[in-house]
Amino acid sequence: MDIPSKYDANSVESKWYDYWMKHNYFHSTPDEREPYTIVIPPPNVTGVLHMGHMLNNTIQDVLVRHARLLGKNACWVPGTDHASIATEAKVVAKLKEQGIDKNDLTRDEFLAHAWEWTEEYGGVILEQLKKLGCSCDWDRTKFTMDDDMSEAVIKVFVDLHNKGLIYRGYRMVNWDPEAQTTLSDEEVIHEERQGNLYYIKYKILSPTLSEGKGENSPPLEELEEEYLTIATTRPETIFGDTAICINPNDERFTHLKGKKAIVPISNRVVPIIEDEYVDLEFGTGCLKVTPAHDENDKNLGDKHNLEVIDIFNADATLNSFGLQFQGQDRFEARKTVAKELEALGVLVKTETHINKVGTSERTKAVIEPRLSDQWFLKMEDLVKPAIEAVLGENAEIKLFPKKFENTYRHWLENIRDWNISRQLLWGQQIPAYFYGDGKEDFVVAESIEKAVELAKQKTNNQQLTTSDLTQDTDALDTWFSSWLWPMSVFDGIRNPENEDIKYYYPTNDLVTGPDILFFWVARMIIAGYEYKDERPFNNVYLTGLVRDKQRRKMSKSLGNSPDALKLIKDYSADGVRVGLLLSSAAGNDLMFDETLCQQGKGFGNKIWNAFNLTNLWEVSDAIEQPQSSKIALEWYEAKFQDALVEIEDHFSKYRLSDALMSIYKLIYDDFCGWLLEIVKPAYQQPIDVKTYNSVMARFEDNLKILHPFMPFLTEDIWQYIAERTPEEALIVAKWPEAKPINKELISQFEFASEVISGIRTVRKEKNIAFKDAIGFSAINNEKVNIAFDAVISKLGNLEAIQYVSEPVEGALTFRVKSNEYFIPMEGAIDVEAEIIKLSEELKYTEGFLKSVQKKLSNERFVAGAPEQVITNERKKESDALAKIETIKSSLASLK
RNA sequence: GGGCGCAUAGCUCAGUUGGUUCAGAGCACUUGGUUUACACCCAAGGGGUCGGGGGUUCGAAUCCCUCUGCGCCCACCA
């Protein structure tokens with residue numbers, strides 16, 4: 001047939017993707033076959049494909065295609081996530097460019113803009129996945145804010161609330177002043193920052209008569225100018241100070257007990273309290289307490305009934321408590337307040353100090369601890385089945401690699417309640433409806449109509465109508481919708497008995513990054529047990545981060561992330577897939593290097609050329625099958641089966657790189673390097689039909705096992721090899737059947753290949769061109785399969801193989817095990833050089849023999865080592881002895 | 001501060017219960033080869049005291065201790 005001499009990936013890839021789509025191979029519906037299900041980790045709806053996605057989705061596609069070839073009903077559900085903070089931030093920024101302030105819009109107006117944005121950019125990333133070859137069931141594409149998905153989220157919220165697991169509380173939460181919303185603990189990233197430690201003097205107020213005077217206190221008059229010094233990293237928060245705290249065991253400060261201090265600038269009087277929480281070693285051992293702006297201080301405040309003064313606005317500028325500093329940003333105020341303190345003469349000193357500050361995962365803003373009313377989910381009980389499922393004795397969910405089990409355990413065992421409310425508009429609005437101003441004056445229901453009914457019951461006021469109710473303005477945390485993903489994509493929350501959820505759930509594998517182990521993976525497990533009483537997936541494959549050659553994380557800001565689509569254009573999707581998988585063990589970071597893609601592309605080219613070769617052959621049924629072809633095909637079949645077992649083993653352990661490398665070597669070395677070279681007819685000679693058919697059958701097997709990794713190229717060649725009906729496409733072909741492996745044949749071939757290598761070495765050393773046929777004699781001391789002689793003869797370009805019993809004189813020699821081979825040379829042999837070479841080989845072999853014999857004469861070794869080990873050592877000994885014999889006799893004949 | 005993990009060839013990594021798949025793979029490198037599928041090729045070759053030190057054992061890359069250097073996760077010390 002006519003085929004292009006060069007493989008044109010770009011046109012081929014789009015052609016076959018369209019073909020697959022047209023014939024609906026990706027679409028799955030429940031049937032009698034075993035299901036194989038993956039739900040995609042939904043990328044941010046407005047995101048674009050980056051290297052992490054490419055790796056992650058390539059792995060998923062390999063798993064899905066492999067399962068499909070194994071005859072399973074493969075279903076890969078794609079979709080996107082609304083990503084509340086990230087998306088809302090983008091929309092706000094875009095509106096700002098247009099001169100629109102979010103605060104001037106109503107909720108509905110803002111949401112209209114957000115939907116517009118989503119529809120414009122949403123799904124771009126899914127189109128990019130198609131370029132990668134992802135065989136997702138696009139008919140099932142979901143978005144976390146689809147109506148049915150949102151309905152499920154609300155249903156779950158109401159249910160958890162009714163179970164008493166969701167509550168509203170006034171708590172210290174993580175406030176992102178930039179996004180102006182709270183964040184869960186998991187969304188806060190602690191970073192080391194260099195800051196200052198400010199030492200500030202507070203004047204001590206003498207005790208008043210009404211409060212009594214301690215027995216041991218110094219006389220009143222001595223106290224007038226007394227100060228105490230505290231250390232703080234945040235001088236601007238002194239406006240919120242409501243106490244000074246000392247450690248009761250600190251002898252330096254016993255005289256301060258029960259007294260009061262005056263806060264500089266604001267000149268408020270605050271008590272000096274005692275608590276063992278204070279570290280005697282740190283700073284001055286005195287602590288200022290700001291309950292509104294620090295979690296520890298809040299705890300102290302609760303314990304000691306302190307006043308709470310919130311000094312910040314939502315954007316972290318000082319409010320009226322900040323006096324003349326009102327309106328200043330917290331970081332600006334930190335400087336100006338310090339200056340003012342210095343001017344007042346109460347700033348004792350300033351030291352540099354490194355401390356950890358919480359930052360927002362999304363906006364990178366420094367988190368401000370802030371007290372506010374938020375919604376929380378009680379985690380303590382929910383978490384129990386999730387711990388059991390992964391770490392229990394009968395663990396149902398496996399993590400790959402296993403090392404993440406520790407991380408998982410640590411998080412779950414120390415879990416705190418989950419703050420699920422966000423002060424955002426983009427997301428599911430919390431279904432709580434207020435009917436009064438009281439903290440408890442609300443009901444939770446799936447609709448306002450139901451809410452009215454509940455409110456009527458609760459208040460005993462039958463006059464209430466929907467217009468008396470106000471829905472909570474907060475939205476839910478994005479993860480509160482994505483934690484339901486494996487269930488909600490099959491409508492398993494709203495319709496728990498539907499066919500899809502019963503068939504596809506639990507899903508098989510989840511492929512994602514360890515960075516969202518807590519955000520998402522753990523929570524899906526929690527939700528799965530709560531709502532299906534069953535695990536959401538069997539296995540979790542955690543990929544590593546994609547880094548550049550300098551080990552830097554790939555990121556937009558560093559500009560070190562290659563353009564994913566350009567890579568595909570340059571190296572083909574198949575090439576990029578291979579490049580990504582060549583070195584990416586589960587959980588290990590991947591040092592990405594474009595040359596890996598080049599290698600992938602090169603591999604594709606190699607296979608294309610192999611096909612091109614077979615295609616150039618003229619097939620004849622008039623000639624016999626050569627002996628060499630017959631045995632080589634038998635060998636390759638054994639080799640293929642051997643590799644197949646290895647490959648399946650790698651798949652079962654999610655060692656996809658290893659599986660790919662096994663296939664790579666099988667095709668590159670064994671198929672192209674050996675088999676094709678052996679069966680290749682002489683120039684312009686035809687090939688016998690029997691060999692040709694067998695070779696093509698083996699070629700097809702190769703394509704099948706490579707298909708999950710390089711779907712396009714393999715399908716293309718598959719369709720060239722024969723006319724195929726849509727039912728016969730490679731994508732739905734049958735994975736090669738495992739057969740018994742002829743290990744004997746494999747080792748016999750290996751021996752033959754060593755002989756061939758020996759011949760090649762001699763040719764190289766003596767500059768004998770390959771096209772010159774040479775004579776060849778052998779002394780066979782080993783049992784060898786002479787069927788391979790034809791192979792040796794062909795690849796060594798030998799005139800013939802003669803068996804002799806005595807060393808051939810005037811010949812170059814080499815040995816494989818105890819077999820000796822002779823290549824007669826025209827003209828004089830450099831006898832001296834040969835003797836030196838042989839002597840060295842003898843010396844080495846004798847040394848080797850000695851070490852083996854030493855081991856065998858050690859009684860404790862013979863007594864202690866297993867039978868097999870000793871047998872092996874004895875074999876080594878006899879092999880070495882036989883080899884020494886042959887070397888010695890060769891030496892004798894030379895001398 | 002607590003926990004976990006890693007260190008093997010120039011690079012990226014395999015190496016399961018200690019002993020023949022134990023010192024490996026791919027890439028890179030060196031040398032030679034090209035009218036006969038492919039220079040995106042073929043062949044041959046060099047290269048590692050398995051991070052340092054100590055221990056257990058007949059035997060250690062593998063088990064134990066220790067030191068060093070990295071990485072990750074968690075954490076409320078101002």
Side-chain angles (χ1 to χ4, degrees), chain A residues 5-7 172 185 190 197-198 230-234 237 245 277-279 281-290 294-299 353 355-356 358 369 401 403-411 414 514-515 517-518 545 549 551 575 582-585 587-593 595-596 598-617 653 655 657-658 660-662 664-665 668 672-673 676-677 680-685 756-757 760-761 763-765 767 769-771 855 858-866 868-873 875-876:
Chain A
S5 66
K6 292 271 179 210
Y7 176 71
M172 180 71 70
D185 296 334
H190 294 274
L197 195 57
Y198 301 85
I230 59 91
T232 182
T233 54
R234 303 196 60 187
T237 61
C245 190
Y277 160 75
V278 180
D279 182 349
E281 305 295 321
F282 190 89
T284 61
C286 279
L287 180 71
K288 76 185 194 65
V289 186
T290 320
D294 185 279
E295 174 121 36
N296 297 309
D297 291 13
K298 173 68 167 48
N299 294 339
H353 177 68
N355 66 331
K356 294 259 179 126
K403 67 180 176 189
F404 286 107
E405 286 177 6
N406 282 321
T407 320
Y408 181 86
R409 167 184 288 127
H410 188 266
W411 186 72
N414 296 285
D515 50 330
L517 185 60
F518 308 138
L545 283 173
K549 274 200 273 186
R551 291 194 173 266
L582 272 175
S583 79
S584 62
N588 282 359
D589 286 357
L590 169 74
M591 258 35 81
F592 182 75
D593 185 342
T595 59
L596 289 170
Q598 181 55 49
Q599 197 184 341
K601 189 184 174 189
F603 184 41
N605 177 70
K606 179 75 182 172
I607 298 164
W608 180 259
N609 275 299
F611 173 57
N612 185 39
L613 172 69
T614 64
N615 195 54
L616 290 173
W617 289 336
K653 291 169 182 155
R655 300 173 62 141
S657 298
D658 292 331
L660 174 58
M661 188 47 76
S662 296
Y664 182 89
K665 286 195 278 192
Y668 217 119
C672 297
L676 292 186
E677 288 303 325
K680 187 159 82 177
Y683 187 50
Q684 291 192 332
Q685 295 297 304
I756 293 164
S757 272
R760 284 170 175 166
T761 307
R763 278 181 178 279
K764 187 181 177 187
E765 279 174 359
N767 273 321
F770 180 79
K771 58 187 175 205
K855 208 187 267 189
N858 180 337
E859 280 175 34
R860 302 188 64 177
F861 170 73
V862 179
Q868 186 57 45
V869 174
I870 295 172
T871 314
N872 282 329
E873 290 300 314
K875 177 86 168 61
K876 277 193 211 169

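Residue numbers begin at 1 in each chain, while the letters A, B, ... track the order of the sequences. In this text the structure is predicted, and so the values were computed from the model without any measurement.
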Is any side-chain nitrogen or oxygen of A/Tyr668 closer than 4.0 Å to OP1 or OP2 of B/C41?
yes
For B/G33, does either OP1 or OP2 sit under 4.0 Å from a side-chain N or O belonging to A/Asn767?
no
Distance, P atom - from B/U8 to B/C4, rounded to whole angstrom:
22 Å
Rounding to an integer number of angstrom, what distance separates B/A25 and B/G32 when you compare their P atoms?
24 Å
Nearest 0.5 Å, what's the CG-CG distance between A/Leu545 and A/Leu590?
10.0 Å
Measuring to OP1 and OP2 of B/G3, would you say a side-chain N or O of A/Lys403 lies under 4.0 angstrom away?
no
Choosing from B/U31, B/U16, B/C4, which nucleotide comes nearest the side chain of A/Lys764?
B/U31
Just the rounded figure in Å: distance from P of B/U36 to CD of A/Gln684.
12 Å
Could you check how far CD of A/Glu873 sits from P of B/G59, rounded to whole Å?
15 Å
Distance test, side-chain N/O of A/Tyr683 to OP1/OP2 of B/U35, below 4.0 Å:
no
Runs of at least three consecutive pairs that involve RNA chain B, where pairs are Watson-Crick or G-U with distances under 3.5 Å
B:1-7 with B:68-74, B:10-13 with B:24-27, B:29-33 with B:41-45, B:51-55 with B:63-67
OP1 or OP2 of B/A37 less than 4.0 angstrom from a side-chain nitrogen or oxygen of A/Ser5, does that happen here?
no
Distance between P atoms of B/U17 and B/C64 (Å, rounded):
12 Å
I'd like to know whether A/Lys298 forms a salt bridge (charged side-chain N to carboxylate O under 4.0 Å, His left out) with A/Glu295, so could you lay out the CA-CA distance, the side-chain angles of the two residues, the decisive distance to 0.1 Å, and finally the verdict.
CA-CA 5 Å; A/Lys298 173 68 167 48; A/Glu295 174 121 36; over 6 Å; no
Between B/C13 atom P and A/Asp593 atom CG, what is the distance in whole Å?
12 Å
Using the C1' atoms only, state how far B/A28 lies from B/C11, rounded to an integer number of Å.
7 Å
Under a 4.0 Å heavy-atom criterion, the protein footprint on nucleotides 69-78 of chain B, written with B, S and -, is ----SSBBBB
If the C1' atom of B/U31 is compared with that of B/U68, how far apart are they to the nearest Å?
40 Å
Looking at CG of A/Asn615 and CH2 of A/Trp608, how far apart are the two atoms once the value is rounded to the nearest 0.5 Å?
8.5 Å
In whole angstrom, give the distance that lies between atom CZ of A/Phe770 and atom C1' of B/A43.
11 Å
Report the nucleotide, chosen from B/A37, B/C4, B/U12, that has the shortest atom-to-atom distance to any side-chain atom of A/Asn406.
B/C4
Could you tell me the separation between the CG atom of A/Leu287 and the CG atom of A/Asp279, rounded to the nearest 0.5 Å?
10.0 Å
With rounding to the nearest 0.5 angstrom, report the NZ to OH distance, A/Lys606 to A/Tyr668.
5.0 Å
Nucleotide nearest A/Lys876 (side chain, heavy atoms from C-beta), chosen from B/U12, B/U20, B/C38:
B/U20
How long is the line joining CZ of A/Arg655 and P of B/U12, in whole Å?
19 Å
